[in-house]
Amino acid sequence: MNAIIFHGSAPHATASKFWYQNIAQSLTDNGITTIVADLPNLDRESLEKTMISIKAMKLVIDHNTILIGHSAGKNIWVMHRCLLPK
């Protein structure tokens, strides 16, 4: 099991702000490998470009992945959910 946290747009547009790292640590402490994806241009680029950036990160996103999205990060969660095979 793994988890990926997608931060929101400005002023939440960094992986190190707000609650993201605290949630990541809590999940890790409970045996879930967790990262906070850093998408510094999230609030300045199209969702399509953001998806290309995410693919370049080579993240493991499958049925065993917990996706957490805040603000604009929820759009990423929805896109991946729609693209996963049923």
Side-chain angles (χ1 to χ4, degrees):
M1 177 88 41
N2 69 309
I4 303 169
I5 300 171
F6 296 103
H7 59 74
S9 57
H12 313 283
T14 70
S16 62
K17 286 191 174 183
F18 302 99
W19 49 265
Y20 312 125
Q21 294 299 326
N22 291 338
I23 296 295
Q25 187 61 55
S26 179
L27 289 166
T28 299
D29 290 347
N30 284 284
I32 300 171
T33 303
T34 306
I35 66 159
V36 181
D38 193 21
L39 300 164
N41 297 317
L42 182 61
D43 57 339
R44 295 184 301 271
E45 67 185 9
S46 68
L47 185 56
E48 181 177 292
K49 287 184 180 181
T50 298
M51 297 303 285
I52 291 168
S53 297
I54 290 169
K55 284 185 181 187
M57 292 177 188
K58 300 184 190 269
L59 302 171
V60 174
I61 302 175
D62 59 22
H63 291 288
N64 294 312
T65 304
I66 300 167
L67 296 176
I68 301 169
H70 175 260
S71 187
K74 75 170 171 20
N75 296 333
I76 297 164
W77 181 93
V78 170
M79 285 294 293
H80 277 289
R81 185 64 190 115
C82 289
L83 296 173
L84 280 176
K86 296 192 184 277

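Residues: numbered from 1 along the sequence shown.
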Which pairs of donor and acceptor atoms, one on a side chain in residues 29-37, lie under 3.5 Å apart (sequence neighbours left out)?
from, atom 1, to, atom 2, distance (Å)
Asp29, OD1, Gln25, NE2, 2.7
Asn30, ND2, Ser26, O, 2.8
Thr34, OG1, Ile32, O, 2.8

Inset, instruction - For Asn64 and Asp62, work out which heavy atoms get closest and say how close. - result: N-OD1, 2.8 Å

Inset, instruction - Among Phe6, Phe18, Trp19, find the one that has a ring-ring contact (aromatic ring centres under 6.0 Å, His included) with His70. - result: Trp19

Inset, instruction - Find out if a path of hydrophobic residues (ILVMFWY) with successive side-chain heavy-atom gaps under 4.5 Å connects Met1 to Ile68. - result: yes

Legend entry - Heavy-atom check, side chain of Met57 versus side chain of Leu39, under 4.5 Å: yes

Legend entry - Sub-4.5 Å side-chain heavy-atom contact between Asn2 and Ile66: no

Legend entry - Point-to-point distance, once rounded to the nearest 0.5 Å, from CZ of Arg44 to OG1 of Thr50: 10.5 Å

Legend entry - Distance-minimising heavy-atom pair for Pro40 and His7: N-NE2, 4.4 Å

Inset, instruction - Could you pull out the closest heavy-atom pair between Ile5 and Ala24, with the gap in Å? - result: CD1-N, 3.8 Å

Legend entry - Any side-chain heavy-atom pair of Glu45 and Ser53 under 4.5 Å: yes

Legend entry - Exercise: identify the closest heavy-atom pair between Val60 and Thr65: O-OG1, 3.3 Å

